[in-house]
There are 2 protein chains.
Amino acid sequence: MPTIAATIIQILAEEIIGGTLAPGSKLEEKVLAERFQVSRTPVREALREMGARGLIELIPRHGGVVANIGIAELADMLEAECELEALCAQLAAQRMSVVEKKQLERLHEQTEALVKGQDEGEYLTLNKKFHDVICAGTHNQTLSGMLRGLRDRLSAFRNAQAGTERRLAVSHEEHGAVVEAILASDGAAAYAAMRNHDARLSTKVLDRLRDSRHERTAPRTERPAAAHLHST
Amino acid sequence: MPTIAATIIQILAEEIIGGTLAPGSKLEEKVLAERFQVSRTPVREALREMGARGLIELIPRHGGVVANIGIAELADMLEAECELEALCAQLAAQRMSVVEKKQLERLHEQTEALVKGQDEGEYLTLNKKFHDVICAGTHNQTLSGMLRGLRDRLSAFRNAQAGTERRLAVSHEEHGAVVEAILASDGAAAYAAMRNHDARLSTKVLDRLRDSRHERTAPRTERPAAAHLHST
DNA sequence: GATGAATTATATGTATACATATTGACATCA
DNA sequence: TGATGTCAATATGTATACATATAATTCATC
């Protein structure tokens, strides 16, 4: 039997990652305690752990809010994700076993039908699986763990925005290039293909955020020395 | 005034990273509570956060122990560190401002004296600073945060072992190559130099661990499919 | 009517008390 | 002798109670 705190973490994390709990939402201990019919103790521990994971922001004596990412931070996270994921793709290409490759190939084929059917919801599920399989393919728990943690944090934010990605076909095609490179055990090609894929999505996400922020509130001046994103 | 839990985290983390608390040490809430003259509550919260950070292992109903890294995990972490650090060096080369570069250069020069004087203790301090400056030079908080977290976890482990690095001169020379590349804004060279540096250290750390484990206890068979470390 | 100080209210931080699961010892039995 | 099961001891998990800092409200004053 898992501990109550662990259960709460799982539920809240899913809600944050899934977008039910929007970034900026306040998380009050008392409210959560009542909701889960438990005392504040396990709730506090859950919040603390989620804070350490970066899913929520935890300010002393002010409680927690679902991590609301500024434009500068988002740019950082997207860049890190892009680099990490490309690296993982490269390692996966070099290390995946035959059965792992087969699994990846099948997954990609299954997705094809969803693209034609424009089934966005199911597509996103398989999309997550796709990246997870590649993570596992690195045979490096540290790297894959870091990437997945980062993806979770970003996911929380992506899902809070409207439609995630209209043109499924383009994404699918880019995935195809990654799959092909991995099946051919071509690390460099896998790296390049994945980097290209993520970089394109990143600019889209950033653009959309910039637009939506511009309408409502002035952008927070968080990091004056702007990064030269993807200048490589 | 920081919270008690935060204070405890800082103290314990330092002890773990510094090697005072050796990997495998049990961390009992009651003992810690008595030591810090506080109740178990803040201690528990501290432990939980450190668990999320990976500094300690936290098993439900069994309490926490300072993270004791197996050979397979260590290999994973070292590989991740190597790749991340090389990436950061590359970005730093591309993005560091003039003053940041100057700072890095000065730091490297200061270290030179310590190498000649064989002052290991002080060298390690500046060594950490050296890597921190490069982290900052990426202008990417996400990446640098991940790398620093990883370095902390590894540091806990490195310091538990005997002498960290005998041949300071070699290390210093390798650092020199990194500095040179960064000052020249040569991303590729910085990447290669840092990767070379970390890869060499990694094999040394792994070898030493393998030896020490072989003497005492049989290696845990944790990940049957061994990674092809640094096969790129 | 607006501003600001003082007071009340509330949420978080910490301490204590209780519930429950695990560990170890000891006894019993095959 | 060794294995197993019961019981006591103890550590963790959870709940409740108290302390304190922040927020919200009130009320007085300008």
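Chain A is the first sequence line, chain B the second, and so forth, proteins listed ahead of strands; every chain is numbered from 1. Below, each value reflects all heavy atoms present in this structure, side chains not excepted, and no hydrogens, waters or symmetry copies.
Dashed line: the shortest gap from a side-chain N or O of T41(A) to OP1 or OP2 of dT14(D) is not under 4.0 Å.
Judged purely by distance below 3.5 Å, without hydrogens or angles, the side chains of H139(A) and E100(A) pair a donor atom with an acceptor atom. Under the 3.5 Å distance criterion, with hydrogens and angles disregarded, no donor-acceptor pair is assigned to the side chains of Q141(B) and D76(A). The closest side-chain donor-acceptor pair between H197(B) and H175(B) falls under 3.5 angstrom.
In this structure, the CG atom of L32(A) is 14 Å from the P atom of dA15(D), given to the nearest Å. In this structure, F36(B) places its CZ atom 17 Å from C1' of dG13(C), rounding to the nearest Å.
For E79(B) and R195(B), the salt-bridge test fails: no basic side-chain N is under 4.0 Å from an acidic carboxylate O.
Closest approach of G54(B) to A67(B), counting heavy atoms only: O-CB, 3.7 Å.
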Dump the pairs, protein N or O against N or O of nucleotides 7-12 of chain D, anything under 3.5 Å, distances to one decimal.
| from | atom 1 | to | atom 2 | distance (Å) |
| --- | --- | --- | --- | --- |
| dT12(D) | O3' | R61(B) | N | 3.3 |

